Amino acid sequence: MLGSVGVAGTEESVATVVVGVGGGIAAYKACDLVRRLRDAGLRVRVAMTPAARRFVAPLTFQALAGEAPLDDLFDPGQDRQYGHLDLARGADLLVVAPATADLLGRLAAGLADDPVTAVAVAARCKVLLCPAMNVAMWHNERVQANLRTLLAAPRFTTIGPEEGLLADGDVGLGRLAAVPDIVAAALDLLSRGPALGAPAAPEARRPGRDLSGQRLLVTAGPTREPLDPVRFLSNPSTGRMGFALAAAAAARGAAVELVSGPVELPDPPGVRVTRVTTADEMRAAALAALPGTTLVVAAAAVADYRPRAALPKKKKKGDAGEVDRIELVRTPDVLLALSEAAGDGTARPVFVGFAAETEALVENAREKLRKKRLDLVVGNLVGGPDSGFAARENEATLVGATDAEPLPRMDKRALADRILDRAAALLRARGGAR
Ligand code: CTP
């Protein structure tokens, strides 16, 4: 149970989410999505394409949502009240899951010949697209172009797909985003207020394409510092935070360079990725990408030490009980190197860093902000069971030079958008962003 939510500004009213179900095998996961959205206190109404009906019976959604889905535009019983218009008008959010290749194409073309596209065309609310399809279909240039067309409209956002084993046995990008992540993204969108009309506050504005024209450099993942050809010093960073930032910034129109240490994540669509191994390599790649950058976000968990010398051959182990010593030296601070290289001129980018602290979060984060000349530090309290490294969700405080904004627990993609909201405001303050 995630707790009930109202639409921002109308706390007492229950928000309505329309789940538009497309005809793909992931349609069965839309059942769980409907149930979890209701658990979160939302009213859920369902629209299905005719193809979706081949995968899941409308009765299943009726039982889960508590009301019959709109599954036939031309059934006089269902559409007597202009059901698609009724659904569209009453929706605070439309979640399209699964958004199949076909459905993305028809949505991009503005067609309205089935319940899901008809609701989408008539609705003025935000739309969260949850693509799911075979990996080759996902990488198809028309599919990507259709997605870009849709995301050009500020009220459209997307989550997923994820990498993994697909229903047809292929491995790759194409799995529907995890249902709890979709629910978290839906709640986050709802908490930001309506898509159209006057927003309650600047922070409540939809991100849209507010980073178009900006050039973003993101560092991500851990680094590995070799001891010998088969051993290294590293840390458990998965790179998820940095990859979420890169994906979110690309979706908001930025040109994004991502310099990442070794992680298992695929390249985010539309992002230029340089894969590196050591801190030295990360420093060199990041410095090479710096010219022209307007925003630097350092999310990498760079290993702070490396063995003084990497042995050319594998070190054989000694006797049990033997004590060996490894001499360690400091690695370069990539973010500090970027900050120093950027100089003082008007072209100096906005700098965002991360700080993992076990205590005195704001004070320690602000100290980093000062030392590395940053504009914003994303502070994480670590040491708890489920925080920081390798967690899907994160609880962070955004620490500026004079303010500190504690954020609720949210998934890393939602956090990425919050960080970018602040970065966009800093860029605007310098006259750099729309
Ligand atoms: N950073 C970096 N290169 C390093 C170390 C850190 O780019 N060699 C960046 C990280 O990406 C992050 C920020 O600097 O944005 C973290 O600063 P750091 O001083 O390392 O903070 P902590 O990791 O919290 O470590 P500590 O408090 O032990 O100094």
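What's counted below: heavy atoms across the whole structure, side chains too, no hydrogens, waters or symmetry copies. Read the numbers this way: they start at 1 and go in the same order the structure lists the ligands and their atoms. Bear in mind the structure is a predicted one, so any value in this text is a computation, not a measurement.
Between Val273 and Pro268 there is a side-chain heavy-atom pair separated by less than 4.5 Å. Annotation: side chain of Asp344 is in contact with side chain of Arg373 (closest heavy-atom distance under 4.5 Å).
Qualifying salt bridge (Lys or Arg N to Asp or Glu O under 4.0 Å) partners for Arg148, counting only residues two or more places apart in sequence or in other chains: none. Partners of Glu357 by salt bridge (Lys or Arg N to Asp or Glu O under 4.0 Å), not counting sequence neighbours, listed by chain and number: Lys368.
Closer than 4.0 Å to atom 18 (P) of ligand 1 lies at least one heavy atom of the protein. Counting only heavy atoms, the protein gets under 4.0 Å from atom 22 (P) of ligand 1.
Of the options Thr331, Val302, Val382, the smallest heavy-atom separation from atom 4 (C) of ligand 1 is shown by Val302. Of the options Glu357, Met282, Lys368, the smallest heavy-atom separation from atom 25 (O) of ligand 1 is shown by Lys368.
Here the heavy atom of the protein found nearest to atom 7 (O) of ligand 1 is Leu335 N, 2.8 Å. Looking only at heavy atoms of the protein, atom 2 (C) of ligand 1 is closest to Asp333 OD1, 3.4 Å. Atom 28 (O) of ligand 1 has as its closest protein heavy atom Asp304 OD2, 4.8 Å. Protein heavy atom nearest atom 12 (C) of ligand 1, with residue, atom name and distance: Phe354 O, 3.2 Å.
In terms of modelled atom types and a separation under 3.5 Å, the side chain of Asp228 and the main chain of Arg231 share a donor-acceptor contact.
Salt-bridge formation is not detected for the pair Asp403/Arg366: no Lys NZ or Arg NE/NH1/NH2 atom is positioned less than 4.0 Å from an Asp or Glu carboxylate oxygen. Under a 4.0 Å N-O distance rule, the pair Asp333/Lys372 qualifies as a salt bridge. One finds no salt bridge joining Lys29 and Asp32 here, because no Lys/Arg side-chain nitrogen approaches an Asp/Glu carboxylate oxygen to under 4.0 Å.
In terms of N/O distances under 3.5 Å, ligand 1 is approached by Val334. In terms of polar-atom proximity, Ala301 is not counted as a contact of ligand 1, lacking any N or O under 3.5 Å from an N or O of the ligand. For Ala300, a nitrogen or oxygen atom sits less than 3.5 Å from a nitrogen or oxygen atom of ligand 1, counting backbone and side chain alike. At least one N or O atom of Lys372 sits closer than 3.5 Å to an N or O atom of ligand 1. Taking only nitrogen or oxygen atoms, main chain and side chain alike, Gly353 does not reach within less than 3.5 Å of ligand 1.
Close approach to Ala356 involves these atoms of ligand 1, each under 4.0 Å from a residue heavy atom: 24 (O).
Residues Arg106 and Thr49 bring no donor and acceptor atom of their side chains to less than 3.5 Å of each other. No hydrogens or angles considered: nothing links the side chains of Gln214 and Ser212 as a donor-acceptor pair under 3.5 Å.
Within the 4.0 Å heavy-atom shell around ligand 1 one finds Pro332.
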